[in-house]
Peer 1: 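Can you read through this structure? Questions will come right after.
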2 protein chains.
Amino acid sequence: MTLPNDLTLSDRTSDALTAAHLYYMQDLTMDAIAHELHTSRSSVSRLLSQARASGLVDIQIRSPLDATSNLEKVIFDRYHVTAHVVPVPDHASDVDRLDRVALSVARILGQYFDSNMTMGIAWGSTLNAISRHVTPKRTHNSQIVQLNGAGNMRTTGLDYASEILRRFGDAFGAHVEQFPVPAFFDDPATRQAFWRERGVIRLLQMQGRMDVALFGLGSPFSDVPSHVYAGGYLESEDFDALGRGGVVGDVATVFFRADGSTDGIPLNERSTGPDFAVLRRAPRRICVVSGSSKLASLHGALSARLITDLFIDEGAAHALCDGA
Amino acid sequence: MTLPNDLTLSDRTSDALTAAHLYYMQDLTMDAIAHELHTSRSSVSRLLSQARASGLVDIQIRSPLDATSNLEKVIFDRYHVTAHVVPVPDHASDVDRLDRVALSVARILGQYFDSNMTMGIAWGSTLNAISRHVTPKRTHNSQIVQLNGAGNMRTTGLDYASEILRRFGDAFGAHVEQFPVPAFFDDPATRQAFWRERGVIRLLQMQGRMDVALFGLGSPFSDVPSHVYAGGYLESEDFDALGRGGVVGDVATVFFRADGSTDGIPLNERSTGPDFAVLRRAPRRICVVSGSSKLASLHGALSARLITDLFIDEGAAHALCDGA
DNA sequence: AAGCTGGCTGAACATATGTGCAAGGAGCGG
DNA sequence: CCGCTCCTTGCACATATGTTCAGCCAGCTT
C-alpha cells in the first residue's frame, strides 16, 4: 500500500479511475470494489457516477448497421451528409425529443472536438439543451467561439448565451470567446462600422478558422417557433418581411430560403451571424434537429450545404426521407 | 454456427443496438426501454448483455494519469515499454491475478488489432485465459497466426492450441493459421527439414509480417511453473540443461537468459517458436504477465527487447520497480 | 399429427445499484 | 476554542438490474 500523493491527480479522481477499471474492465461488483478500496459500497457508486460524468469512462456504440442506419444511409445517399438518427418513441413530446437528441449529441461531441481545435457555437434552445449535458473531455489550446450575438432591446443576451458557451468551455477546458453584440443591429451601417473594430475582426478571423461548427436550426413559421422568434429579437415588420422573402429558416440568425439562398434578405444585413461562406469553411458542420416542424428549415440548410453531420430524431428523419 | 449478418441485420441485433443507444446514450432505464421496444424488462436486460458481450458497446477508460500511472511512468522511463498496470488486491491468488489481467487485456485488445492486420499468438495458460474473454470486433482481411507448435509426445496439442486460436479468430472474424507441429522436435535436423517445406515457409513468412504479437512468459524455475514446463513437453535432461545454461524464461518456447541472449541454448535449435529477430520485426509486441514469480523471466524478456506493450498486475509491477 | 428439441419469453425472485439523510470531520473566521 | 459552513461518509431504504424457471412456439423427425 503506497500512499505517495503525487502532484498530478487528486486521490478522489485516482480512486474513481481505479474503481472504473475494476468495474468496467474486470466486472467486479461495487461491493467487491468497495472492499478493495477500503470504503463503502455507496461511495463506490458515487465514484463511478463521477467517473462517468467527468468523462473518465467513455462509452461508445459501435454501429455496424443498425435499425436507424437504414435511414442514415438513405440520408447520406440523398444529401451527402453523415446522419446520426436518434431513436425516440413516436409518442414523445417535442421537449422530449429535443432533450434526447441533445443528450446523444452531448455524449458524442468529444469525438469531434480535440486539442488545438476551434469550435464555433450558436445559441438557442437546442444548443442550450446540449450544453447542459456535454461530457467533459480534457483538451489543450482549444477554443470555443460564439457564432452570433445574442443581445436584443431588453437584454444584452450575455447571461443566456455566455452560460451556454461557458458550459462547453468548462467541459473541454477550452478558451471561450464571447461575441458581445446584439443578435441584430438596428442599422446595417452600425454593423459595418463594428466589423471594422479590431476586437471584432479578431473574432471574425477566429470564426474563419473553425474546425467544427455546432448549431441548431431556426424555423420561423412552424408551430413551435424557435428561441429567436419568440425572444423579442424581431419586430413584427421584420417577421412580415421574412415571410414575403420566402425565408424558411435560419442558422445562427442568418436567414435562408428553401433553395438555400441568402441574398436579398434585408435582415441578414443587420444580423451578426457568420456569412454562410465563412461557415462552410469549417470542415465539420454539425447540425442538430429535433421535431418535424423544422423540416422546411432543414431542407433549406441542406440546399445551402451548411451541414456535414446531422443529428436528428427518428421521427424527423423518417419525415425527411418520406417527404422528398 | 453460421454468421449470416451481411446486408440485413437480424432483428435481435438491431434491437440490441437500439437498446444500447437508449441505455448508454440516453440514460433511459431498462423499464422504459422495454416499453419502447414492446417487450419485457428482462429481455432488455438480456439484449444489453448481448450488446456488451458482442462488442456492440465499447467501454473505454480514458486514463489521464491514474493511480497506476505512476508505476506505468516508472516502467516506461526505465524500460522504454508502454505498461498497463492492472489493479489487483494484494491478497489475490495467482489464479485470480491471471484472470483479472487476462480480462483487462481481452477488453482492450481490440484497440490494437484492426482490419488488414496479422497478429501472432502464442499459447499457454495466459493466452488461454485471455482467449476466453476477448471482446469481439469485426475486422476484414485480418489474420491470426500461431507462433509456435504445441504438440508433444502424448498429444498433437491441436485441441488445446487450436481452441485458443479459434477463439481469437472468432472474435475478430480473422482467418486463423495454425501451426501443426510439436513444440519441440526431437532432432534439430528434422526442424531444418521441415522449415524447407513450402507450407511452413508460408507460415513463417506470415510471422515475419506480423503487426501485433501477443504472448505470455514462461518461467521454468519459479514456484508456479508454466504450461510448457508442466505439460510433458520437456524431458528432465532438457530441464537440467536449461538450468546449466542460465535460462530464466521463454517466449513461445524460445528460451533466453537474464541478459536476453538466446545463443548456445541447445533446446532452441529444436524449438518451433520464432527467432527473436523475427519477433522483434512486429511493431507491437504485447506481453502479458501476472504474478511476481515471473519477474526473472520478465527481466530477461525486457533485456531482449521483446516487449513494446506490457500488461502486468499491480503486485508484479511494484516488484518490478522496487526490485531493480 | 404427435412428439421432440432448442431457443425465446415474461413473471417472480435474488442481487446489485442509487439516494436521502443524519452524523462526523476539516477548514476558517470570529 | 467556539461555532459556522461545506463536504464527505455509511446506513437504510428505494429502485433498478440480473437470473431462474416454467411455459410457449417454431421447426424438425417419426
Side-chain angles (χ1 to χ4, degrees), chain A residues 1 3 5 9-59 61 66-67 87 89 96 99-100 103 107 132-133 135-136 170, chain B residues 1-5 8-59 61 67 87 89 96 99-100 103 107 132-133 135-136 170:
Chain A
M1 284 303 141
L3 310 165
N5 212 347
L9 217 54
S10 79
D11 275 1
R12 187 172 181 88
T13 311
S14 160
D15 277 356
L17 232 7
T18 308
H21 191 115
L22 293 172
Y23 190 76
Y24 289 108
M25 293 289 149
Q26 297 190 14
D27 290 342
L28 298 208
T29 92
M30 295 190 181
D31 236 337
I33 298 171
H35 195 258
E36 288 195 17
L37 261 44
H38 306 290
T39 180
S40 74
R41 198 183 50 69
S42 353
S43 296
V44 174
S45 171
R46 284 183 276 249
L47 278 177
L48 287 172
S49 298
Q50 183 198 303
R52 282 183 304 251
S54 61
L56 258 42
V57 176
D58 185 22
I59 301 183
I61 311 281
D66 64 353
D96 264 359
D99 262 352
R100 295 174 61 166
L103 195 48
R107 288 285 164 81
R132 291 174 185 282
H133 301 289
T135 305
D170 285 357
Chain B
M1 289 312 264
T2 50
L3 298 174
N5 66 339
T8 335
L9 215 51
S10 77
D11 275 0
R12 187 170 181 88
T13 310
S14 162
D15 278 355
L17 231 8
T18 309
H21 192 114
L22 294 171
Y23 190 76
Y24 290 107
M25 292 290 158
Q26 297 190 15
D27 289 342
L28 297 208
T29 105
M30 294 190 181
D31 235 339
I33 298 172
H35 194 259
E36 288 197 15
L37 260 45
H38 305 292
T39 179
S40 74
R41 199 182 48 70
S42 346
S43 297
V44 174
S45 171
R46 284 183 278 247
L47 280 178
L48 287 172
S49 300
Q50 183 199 305
R52 283 183 304 251
S54 60
L56 257 41
V57 176
D58 185 23
I59 302 184
I61 311 284
D96 264 359
D99 262 352
R100 293 173 61 165
L103 195 48
R107 288 287 165 80
R132 291 174 186 283
H133 301 289
T135 305
D170 284 356

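Chain naming here is simple, since letters A, B, ... match the order of the sequence lines and numbering starts at 1 in each.
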Peer 1: Hey, is the side chain of A/Arg41 poking within less than 4.0 Å of OP1 or OP2 on D/dC13, counting only N and O atoms?
Peer 2: no
Peer 1: Given atom CD of A/Gln50 and atom C1' of C/dG18, what is their separation to the nearest angstrom?
Peer 2: 16 Å
Peer 1: Is B/Arg52 near enough to D/dG18 that one of its side-chain N or O atoms lies under 4.0 angstrom from OP1 or OP2?
Peer 2: yes
Peer 1: So does B/Ser45 get a side-chain nitrogen or oxygen closer than 4.0 Å to the phosphate oxygens (OP1/OP2) of D/dG18?
Peer 2: yes
Peer 1: Return the value, rounded to whole Å, for the distance between atom CG of B/Asp27 and atom C1' of D/dT15.
Peer 2: 15 Å
Peer 1: Evaluate whether atom NE2 of B/His133 has more than 12 neighbouring non-hydrogen atoms of other residues, nucleotides or ligands under 6.0 angstrom away.
Peer 2: yes
Peer 1: Output the rounded distance in Å from CD1 (A/Ile33) to P (C/dA16).
Peer 2: 12 Å
Peer 1: Does a side-chain N-to-carboxylate-O contact under 4.0 Å join A/Asp27 and B/Arg100?
Peer 2: no
Peer 1: Go through C/dG18, D/dT17, D/dG10 for me and flag the one nearest to the A/Ser40 side chain.
Peer 2: D/dG10
Peer 1: Any donor-acceptor pair under 3.5 Å linking the side-chain atoms of A/Arg52 with those of B/Tyr24?
Peer 2: no
Peer 1: Can you tell me if the side-chain N/O atoms of B/Tyr23 get under 4.0 Å from OP1 or OP2 in D/dA16?
Peer 2: no
Peer 1: How long is the line joining CG of A/Leu28 and P of C/dT15, in whole Å?
Peer 2: 18 Å
Peer 1: Between C/dG20, D/dT17, D/dG18, spot the one nearest the side chain of A/Arg46, thanks.
Peer 2: C/dG20
Peer 1: I need the NE2-P distance between B/His38 and C/dG10, as an integer number of Å.
Peer 2: 12 Å
Peer 1: Rounding to an integer number of Å, can you tell me how far A/Leu37 CG sits from D/dT8 C1'?
Peer 2: 15 Å
Peer 1: Hey, what do you get for CZ (B/Arg46) to CE (B/Met30), rounding to the nearest 0.5 Å?
Peer 2: 11.5 Å
Peer 1: Do A/Ser40 and A/Ser43 have a side chain donor and acceptor closer than 3.5 Å?
Peer 2: yes
Peer 1: Which whole-number value in Å describes the distance from A/Met30 CE to C/dG18 C1'?
Peer 2: 8 Å
Peer 1: If you compare every side-chain N and O of A/Ser42 against the phosphate oxygens of C/dT17 (OP1, OP2), does one of them come in below 4.0 Å?
Peer 2: no
Peer 1: How would you label the contact of A/Thr39 with the nucleic acid (heavy atoms, under 4.0 Å): base, sugar-phosphate, or nothing?
Peer 2: sugar-phosphate
Peer 1: Is the distance from OP1 or OP2 of D/dA16 to the nearest side-chain N or O of B/Thr29 less than 4.0 Å?
Peer 2: no
Peer 1: Roughly, in whole Å, what's the span from CG in A/Leu47 to C1' in C/dG18?
Peer 2: 14 Å
